[in-house]
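Before any comments, here is the structure.
All ligand and atom numbering here is 1-based and tracks the order in the structure. What you see below is based on every heavy atom in this structure, not just the backbone, and it leaves out hydrogens, waters and symmetry mates. Position 1 is the first residue of the sequence; numbering continues from there.
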Amino acid sequence: MTVRTRFAPSPTGYLHIGGARTALFSWLHARQNQGAFVLRIEDTDAERSTPEAVQAILDGLSWLGLDWDEGPFFQSQRTERYREVIHQLFEGGQAYHCYCTKEELDTMREEQRAQGKKPMYDGRCRQRTEPREGVSPVVRFKAPERGKTVVEDRIHGTVAFDNRELDDLIIARSDGSPTYNLTVVVDDWDMGITDVIRGDDHLNNTPRQMQILQALGAEPPRYAHVPMILGEDKKRLSKRHGAVSVLQYKEDGFLPEALVNGLARLGWSHGDDEIFARDDLLRLFAVESVGKTASVFNQEKLVWLNGHYIREREPADLVEPFKDQLRKRGGDPEAVTDLIPVIESLQERSKTIAEMADTGLFFFRDFEELDEKAAKKNLKPAVEEPLQAVRDGLAALDAWSGEAVHQVIQDVVDAREMKFGKVAQPIRVAVSGGAVSPPIDVTLQLLGQSTTIERLDRALVYIRERAAQAE
Ligand code: GLU
């Protein structure tokens, strides 16, 4: 049988880390088995579902490279089909109308609690034949009263539920709208889903879904319930722990392969390895080897992974995300004709594309002021004379190249018996505004002659003003 998995998010917010991991595992499982990965948007909660959230899910999955073969299907467009199945269950005697009022249900539960029993619906409307005047009934599923429902979970193992603990679930509200467990069942059935991989917060729904599937004569899929994700304080991962939205990571300058790698490691491992490119995951991942216990999300590790993938990628692959980050900072990516050497010069030490853009922004946008600390330390009156000499030497160059730039600086320091860094660092501060940049000859070469001279002149003015103030 062809493997068919699905990702079934409710579009009530952004695509978060937990959802993305479920999607990744389902996608991997489908791809490893030459199966199909179905995308289904569970948007029956009209009040909480938004088109923006749907878009964020589609964009997030696309960015991660988790392509789907079918869908997106929208539950909101399948109302007729759900009604049909509810009707079918009703006609088949597997569902019934329940007219109980809220007050009745409250009293029932209170009595059960008083007797030390677990509060649950006692099935009192099962026998009812007459409607109740003025009350629109809900529809309840007639759940088996005896025996067990056993979930053979690929992660949690055999989980048996006593059917006496599972009461008659509402499958249609009094306005006729279907409930979550019913829509999931109908969709998993209609869409021929063979493998459900989802969060283990749904494990308790599974026996109910299996019972409904069985009542419909459908074979339940195989289930794998992945454990929760916690923050480093061992509390459920939430916004308190930093970015949890997948697209926020994109905004923050992460590469999708770093996120995919990090997501895969949430609950799954393979020896002590940390680095898993997509191909490695396709080869090594196995849903059965996902652990049962909650996994802890480690932001630092993700940053480390991101640095790894930034170093590993061809500079050409980083051009687009780098441009995005520059634009966000008011930089003009066109200011430098060839971005590749700029990227190459920043790749080694940047952990995110955002950091890369921060460090390299001075190539693409003039800075407003010098970093105070760096300027104080490096642009001292004593450096005025050698800096002026470098400026004049550079201005006299006919051919602007890294080597020529280097030679000018070298001559100036040699003549004054200075260390190279004593002049190079002030130049760096002068042209970049701060204390960090690629090697100085590379920096100046990329910046171009006129910008270099302009910025050196400005730094010289700064030094003179400073000296004047000190007098
Ligand atoms: N829509 C459900 C959720 O977002 C998932 C349902 C399922 O995977 O069965 O939690």
**Message:** If the threshold is 4.0 Å, N to carboxylate O, is there a salt bridge linking Glu355 and Arg349?
**Reply:**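 Not counted as a salt bridge, because no side-chain N and carboxylate O are separated by less than 4.0 Å.
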**Item:** Carboxylate-amine/guanidinium contact Asp279 Arg283, below 4.0 Å
**Value:**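 No salt bridge links Asp279 with Arg283.
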Would you mind checking which non-hydrogen protein atom is closest to [atom], with the distance to 0.1 Å?
atom                    : answer
atom 8 (O) of ligand 1  : Arg6 NH1, 2.6 Å
atom 1 (N) of ligand 1  : Glu42 OE1, 2.6 Å
atom 10 (O) of ligand 1 : His202 NE2, 2.9 Å
atom 5 (C) of ligand 1  : Ala8 O, 3.3 Å

**Message:** With a 3.5 Å distance limit and no angle check, can you tell me whether Arg40 reaches the backbone of Arg6 through a side-chain donor-acceptor pair?
**Reply:**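 Not at all, since once roles are kept as given, no pair shorter than 3.5 Å links the two residues.
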**Prompt:** Is the shortest distance from a heavy atom of Tyr180 to ligand 1 less than 4.0 Å?
**Reply:**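 Within the 4.0 Å threshold, so yes.
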**Message:** I'd like to check whether Pro9 has a polar contact with ligand 1, where a contact means an N/O of the residue lying under 3.5 Å from an N/O of the ligand.
**Reply:**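 Between Pro9 and ligand 1, no N or O pair is found under 3.5 Å apart.
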**Message:** Does ligand 1 come near enough to Arg198 that some N or O of the ligand is less than 3.5 Å from an N or O of the residue?
**Reply:**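 Such a contact does occur with ligand 1.
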**Prompt:** Which atoms of ligand 1 are found less than 4.0 Å from any heavy atom of Ser10?
**Reply:**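 In order of number, 1 (N), 2 (C), 3 (C), 4 (O).
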**Prompt:** Is the cationic atom of Arg140 (NZ for Lys, CZ for Arg) positioned less than 6.0 Å from the six-membered ring centroid of Tyr121 and within 45 degrees of its normal?
**Reply:**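 Yes, a cation-pi geometry holds between Arg140 and Tyr121.
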**Asked** Got a sec, which residues hit salt bridge (Lys or Arg N to Asp or Glu O under 4.0 Å) with Glu232, two or more places apart in sequence or on another chain?
**Response**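 Partners of Glu232 by the salt bridge (Lys or Arg N to Asp or Glu O under 4.0 Å) criterion come out as none, since no residue qualifies.
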**Item:** Pairwise salt bridge (Lys or Arg N to Asp or Glu O under 4.0 Å) hits with a residue in residues 161-172, at least two apart
**Value:**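 Of all non-adjacent pairs touching residues 161-172, those that pass salt bridge (Lys or Arg N to Asp or Glu O under 4.0 Å) are Lys118-Glu165, Arg126-Asp168, Asp162-Arg164, Asp167-Arg208.
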